[in-house]
There are 2 protein chains.
Amino acid sequence: MTKPVPADTLSHLKAVLGEGGWSQDPDRLAPKLQEWRGRWTGQTPLLALPRSTAQVAAVVGVCAADGVAITPQGGNTGLVAGQIPRGEILLSTEKLTAVRDVDAFDDVMVLEAGVTLARAHEVALSVNRRFPLSLASEGSCTIGGLASTNAGGTAVLRYGVMRDQILGIEAVLPNGEVWNGLKRLRKDNTGYDLKHLLIGAEGTLGIITAASLKLYPRLVSRCVAIAAVATPHDAIALLARAKDETGGAVEAFELMSRLGVAFALKNIPGLREPLEAVHPWYVLVETASGEPGAAEAAMERLLAGALETGLIQDAAIAQTEAQAHAFWAVRENQSGGQKPEGAAWKHDISVPVSKVADFIDQATAAVERLSPGVRVVAFGHVGDGNVHYDVLRPDGGLDDAHDVLRDEGARIVHDIVAAMDGSISAEHGLGAMKSAEALRYKSAVEIEALRAVRSALDPRRIMNPRVLF
Amino acid sequence: MTKPVPADTLSHLKAVLGEGGWSQDPDRLAPKLQEWRGRWTGQTPLLALPRSTAQVAAVVGVCAADGVAITPQGGNTGLVAGQIPRGEILLSTEKLTAVRDVDAFDDVMVLEAGVTLARAHEVALSVNRRFPLSLASEGSCTIGGLASTNAGGTAVLRYGVMRDQILGIEAVLPNGEVWNGLKRLRKDNTGYDLKHLLIGAEGTLGIITAASLKLYPRLVSRCVAIAAVATPHDAIALLARAKDETGGAVEAFELMSRLGVAFALKNIPGLREPLEAVHPWYVLVETASGEPGAAEAAMERLLAGALETGLIQDAAIAQTEAQAHAFWAVRENQSGGQKPEGAAWKHDISVPVSKVADFIDQATAAVERLSPGVRVVAFGHVGDGNVHYDVLRPDGGLDDAHDVLRDEGARIVHDIVAAMDGSISAEHGLGAMKSAEALRYKSAVEIEALRAVRSALDPRRIMNPRVLF
């Protein structure tokens with residue numbers, strides 16, 4: 001818990017924010033203090049609701065002068081408690097919602113931190129362009145949070161992570177100064193690239209207030225299919241083939257186990273069995289191309305070849321938009337479908353793509369040794385080596401008994417990941433939840449360098465102090 | 001000029017490098033002390049030729065302990081004097097040439113710093129993959145230099161700059177410690193991304209000793225064309241159309257002026273006039289696709305539409321590999337073709353794509369006011385807003401008279417770039433040549449942050465001390 005904030009600082013903050021620019025109303029604060037799955041609840045002496053970059057700078061300036069800590073928050077969709085204060089000032093970007101610019105010529109849009117991802121998609125579409133980042137919480141998550149956590153999602157295979165979409169950043173640094181790095185250049189080699197330090201820093205090096213983001217052409221041809229494979233090894237082999245044969249047209253390549261599909265079908269209304277028979281593993285593949293008909297042609301060629309060689313056992317290509325949505329709904333409910341099944345240990349890991357199948361084999365054997373009967377649901381963006389590896393309590397077991405083993409389970413899974421040169425947080429970040437765990441797997445050399453950078457930019461450690469190193 | 005290196009340090013360095021691991025032979029040193037165009041000549045008390053990362057670490061360790069400065073050098077193809085020592089120890093990566101791994105499953109290759117770009121292309125091809133970075137000096141430039149300067153080239157429009165190709169970095173930090181960040185993950189969100197700090201740092205934050213690099217599918221269909229446009233404004237309009245209509249299939253979009261084409265035809269043997277008539281401006285367009293025939297179809301559709309609306313006056317699509325090479329040869333000799341024409345001020349700038357044409361108009365009017373009769377050759381990667389803007393002395397004028405105005409000319413050009421929110425070094429970096437100039441255009445907030453980071457990681461400023469801020 002952070003030390004109490006002096007009354008003088010609170011008065012000063014209220015003054016710079018003005019009426020409507022802050023709140024101490026418990027009802028107003030409650031949704032921002034509660035992590036959305038209910039795993040963490042926070043406290044704050046003041047919710048700051050700045051309406052402009054200048055007001056963010058004023059807040060940080062007051063806090064920097066008084067040595068008072070700040071936790072920034074975007075859409076509050078984070079999964080690792082990076083956005084939940086424990087006594088710090090809570091700075092929400094919810095009022096920073098301006099679309100400052102959108103330009104199809106430069107293929108760029110400039111959005112403030114509080115704009116949601118869903119709105120960003122609309123802005124791009126308004127000039128006949130596409131913003132490719134795509135993730136389940138798009139209605140709530142915001143540009144500032146996406147940039148600060150370097151979010152991933154389902155379109156990384158082709159387009160990269162949030163970092164790759166960012167051309168420029170405006171941020172308030174820990175000293176309260178505004179850094180205007182809102183360039184829209186594709187090339188700029190004039191010293192260290194400060195924006196890359198702020199992206200993924202989880203609010204510890206400053207508060208991102210706006211970003212200029214890349215736009216992409218809309219692709220006229222698009223095709224979604226679900227294929228059945230015998231093992232994750234075969235899924236990886238199919239991925240290699242898909243990359244080879246389609247020349248980069250693969251937009252998504254998502255793995256699902258039968259258990260995950262079965263939970264989704266059982267617990268989520270309206271979903272349909274994707275293939276006639278039941279299969280041990282499934283992949284959802286999406287291709288897209290700027291050339292009319294090319295995505296469909298590539299998909300048909302890929303699946304026909306894979307069926308012929310026995311790499312896949314069955315496949316269905318969505319014939320309508322509705323069918324494509326239905327296929328995606330099965331994938332998107334891999335997490336929601338588990339919920340009624342009881343307690344789960346969840347891991348967001350990545351390994352080199354070639355090791356995904358080995359990881360699933362080894363981790364599953366190891367968690368079964370720890371707790372016989374656990375039910376593993378492994379799914380995710382296997383095209384970029386990112387597996388959401390969820391371990392549910394045994395059927396009929398007790399949630400509490402499972403929860404007790406959560407940390408031990410995580411350690412076992414993370415050790416296997418580390419031995420494969422993987423990452424214990426592929427896309428969710430570290431937050432307050434995983435920072436200590438991450439220290440175990442980083443070299444002393446790296447930790448020292450990262451800490452030196454942080455101290456250099458935030459010597460009083462006022463920015464999200466409980467997060468990272 | 002850096003202060004003299006103590007004799008003890010030199011003995012110590014020779015000891016850690018061993019026989020054959022260093023040189024003081026003037027003949028051996030000469031090519032490494034001379035910038036390749038002959039604009040700068042350097043000095044060094046010792047050329048270090050480490051054979052391993054451990055030896056690089058030993059050298060940096062000795063220098064860190066003694067406070068002795070180091071200039072790292074790759075292929076010595078830099079254009080801004082970042083690699084030319086002025087009394088520092090010169091550390092060449094020429095012996096770090098191992099291909100540590102290449103893996104078509106993970107789409108990654110791990111190369112040591114001294115591997116040339118041409119060799120990198122071969123390594124990728126050996127597993128039926130492609131490494132897309134492409135630039136004129138590929139036979140000499142090396143992975144370490146490309147990463148340290150965040151090189152660009154002709155494939156940026158589709159694939160991004162060198163930074164975008166790097167999955168991991170191994171480097172020796174200024175304290176002499178080896179940081180092994182050679183991951184091969186597409187997603188890893190576990191704190192600040194140290195590799196992004198080292199990329200583009202021009203050797204000031206450490207010496208990159210190896211990198212893991214992305215591989216891409218080879219594209220089966222590829223098409224090169226040259227089109228004639230009336231003005232750079234029309235070129236930009238054609239670019240927008242190309243991006244729209246081909247859905248991202250454009251690999252290169254390069255602008256050339258008639259004067260640049262005429263100089264190449266006049267001064268480089270074997271080149272041919274690309275179109276029947278003479279035109280004021282040309283663009284070279286390359287499309288590529290993983291779908292057979294798609295690149296050709298997209299190009300034909302694009303050019304036919306543009307001819308119909310009068311956006312282009314003529315176009316030729318290369319019918320053979322040889323013809324495609326001939327088109328590219330005209331583009332690649334835009335720089336070489338000028339050489340016999342006398343002294344030139346050269347600028348490597350970028351502006352938002354939408355402003356490229358305005359930039360050329362404004363800059364050309366301004367340099368003509370400064371020195372009537374100058375001959376402007378503007379060309380380059382206009383698809384990503386990067387223009388090589390060269391200003392040759394007036395026909396029949398004196399080189400010396402032109403050279404005298406070089407700095408004044410650069411200031412005029414750079415001020416126009418800055419007013420358009422552009423960059424005064426799009427792809428060449430700052431080196432010793434442009435660092436002071438760049439300070440003029442950065443905010444105090446940014447300079448302070450960049451300096452704080454540098455001091456934090458290199459408190460004695462031993463790494464390439466005359467470069468950057």
Item to check | Derivation of the side chain to side chain contact (heavy atoms under 4.5 Å, CB included) call for B/His381 and A/Lys187 | outcome: CA-CA 10 Å; B/His381 326 301; A/Lys187 283 172 159 184; 3.0 Å; yes
Item to check | Region of B/Ser425 in contact with chain A, defined by heavy-atom distances below 4.5 Å | outcome: both
Item to check | Heavy-atom closest contact (A/Asp188 atom, B/Ser423 atom, distance) | outcome: OD1-OG, 2.6 Å
Item to check | Region of A/Val161 that comes under 4.5 Å of a non-hydrogen atom in chain B | outcome: side chain
Item to check | Proximal component of B/Leu450, with respect to chain A [non-hydrogen, under 4.5 Å] | outcome: both
Item to check | side chain to side chain contact (heavy atoms under 4.5 Å, CB included) evaluation trace for B/His196 with A/Ile199 | outcome: CA-CA 10 Å; B/His196 281 297; A/Ile199 297 167; over 6 Å; no
Item to check | Heavy-atom pairs under 4.5 Å with chain B, option from A/Lys434, A/His428, A/Arg129, A/Arg184 with the top count | outcome: A/Arg129
Checklist entry - Looking at A/Pro352, A/Gly429, A/Ala288, A/Ala151, which has the largest count of heavy-atom pairs under 4.5 Å with chain B? => result A/Pro352
Item to check | Interface residue of largest heavy-atom contact number with chain A, from B/Gly191, B/Ala240, B/Gly293, under 4.5 Å | outcome: B/Gly191
Item to check | Distance in Å, B/Asp106 CG paired with A/Lys355 NZ, rounded so as to fall on 0.5 Å steps | outcome: 7.5 Å
Item to check | Pair A/Val178-B/Val445, side chain to side chain contact (heavy atoms under 4.5 Å, CB included): steps then yes or no | outcome: CA-CA 7 Å; A/Val178 178; B/Val445 174; over 6 Å; no
Item to check | Option in B/Asp193, B/Leu205, B/Val351 with maximal non-hydrogen atom pairs under 4.5 Å from chain A | outcome: B/Leu205
Next on the checklist: If we define contacts as heavy-atom pairs under 4.5 Å, which of A/Asp107, A/Asn128, A/Leu182 has the most with chain B?
Outcome noted: A/Asp107
Checklist entry - What part of B/Lys243 gets closer than 4.5 Å to chain A, counting heavy atoms only: side chain, backbone, both or neither? => result both
Item to check | Separation of B/Glu291 CD from A/Ser221 OG (nearest 0.5 Å) | outcome: 8.5 Å
Next on the checklist: Counting heavy-atom pairs under 4.5 Å with chain B, which one of A/Gly168, A/Ala456, A/Ser455 comes out on top?
Outcome noted: A/Ala456
Next on the checklist: What verdict does the side chain to side chain contact (heavy atoms under 4.5 Å, CB included) test give for B/Asn175 and A/Glu448, after you've listed the backbone C-alpha separation in whole Å, the side-chain angles of each residue and the deciding distance to 0.1 Å?
Outcome noted: CA-CA 11 Å; B/Asn175 59 6; A/Glu448 193 192 338; 4.2 Å; yes
Checklist entry - Based on non-hydrogen pairs under 4.5 Å, which of B/Leu457, B/Asp164, B/Leu219 is most in contact with chain A? => result B/Leu457
Checklist entry - Considering only heavy atoms, which portion of B/Asp348 lies under 4.5 Å from any heavy atom of chain A: side chain, backbone, both, or neither? => result neither
Next on the checklist: So which residue, A/Gly290, A/Gly247, A/Pro217, A/Ala426, ends up with the most heavy-atom pairs under 4.5 Å with chain B?
Outcome noted: A/Ala426
Item to check | Region of B/Arg130 in contact with chain A, defined by heavy-atom distances below 4.5 Å | outcome: neither
Next on the checklist: Taking side chain as everything from C-beta outward and backbone as N, CA, C, O, which of these in A/Leu430 sits under 4.5 Å from a heavy atom of chain B? Side chain, backbone, both or neither.
Outcome noted: both
Item to check | Region of B/Lys442 that comes under 4.5 Å of a non-hydrogen atom in chain A | outcome: side chain
Checklist entry - Which residue out of A/Arg451, A/Glu245, A/Arg163 racks up the most heavy-atom pairs below 4.5 Å with chain B? => result A/Arg163
Next on the checklist: Using heavy-atom distances under 4.5 Å, tell me whether B/Thr149 contacts chain A through its side chain, its backbone, both, or neither.
Outcome noted: backbone
Item to check | Segment of A/Ile236 engaging chain B (4.5 angstrom heavy-atom cut-off) | outcome: both
Checklist entry - Counting heavy-atom pairs under 4.5 Å to chain A, which of B/Val353, B/Leu239, B/Asp103 comes out on top? => result B/Val353
Checklist entry - Which atoms of B/Ala298 come close to chain A, meaning under 4.5 Å heavy atom to heavy atom: side chain ones, backbone ones, both, or neither? => result both
Checklist outcome for this item: Given B/Ile349, B/Leu167, B/Leu197, the one with more heavy-atom pairs under 4.5 angstrom with chain A than any other is B/Leu197
Checklist entry - With only heavy atoms counted, which part of B/Tyr192 is less than 4.5 Å from chain A, the side chain, the backbone, both or neither? => result both
Item to check | Rounded distance (nearest 0.5 Å) linking atom CD of B/Glu446 with atom CD of A/Glu177 | outcome: 12.5 Å
Checklist entry - Which heavy atom in A/Ala449 sits nearest to a heavy atom in B/Leu173, and how many Å separate them? => result CB-CD1, 4.2 Å
Item to check | Nearest-0.5 Å distance that lies between atom CG in A/Asn386 and atom CG in B/Leu185 | outcome: 10.0 Å
Checklist entry - Is it true that a side-chain atom of A/Asn189 and a backbone atom of B/Asn150 form a donor plus acceptor pair closer than 3.5 Å? => result yes
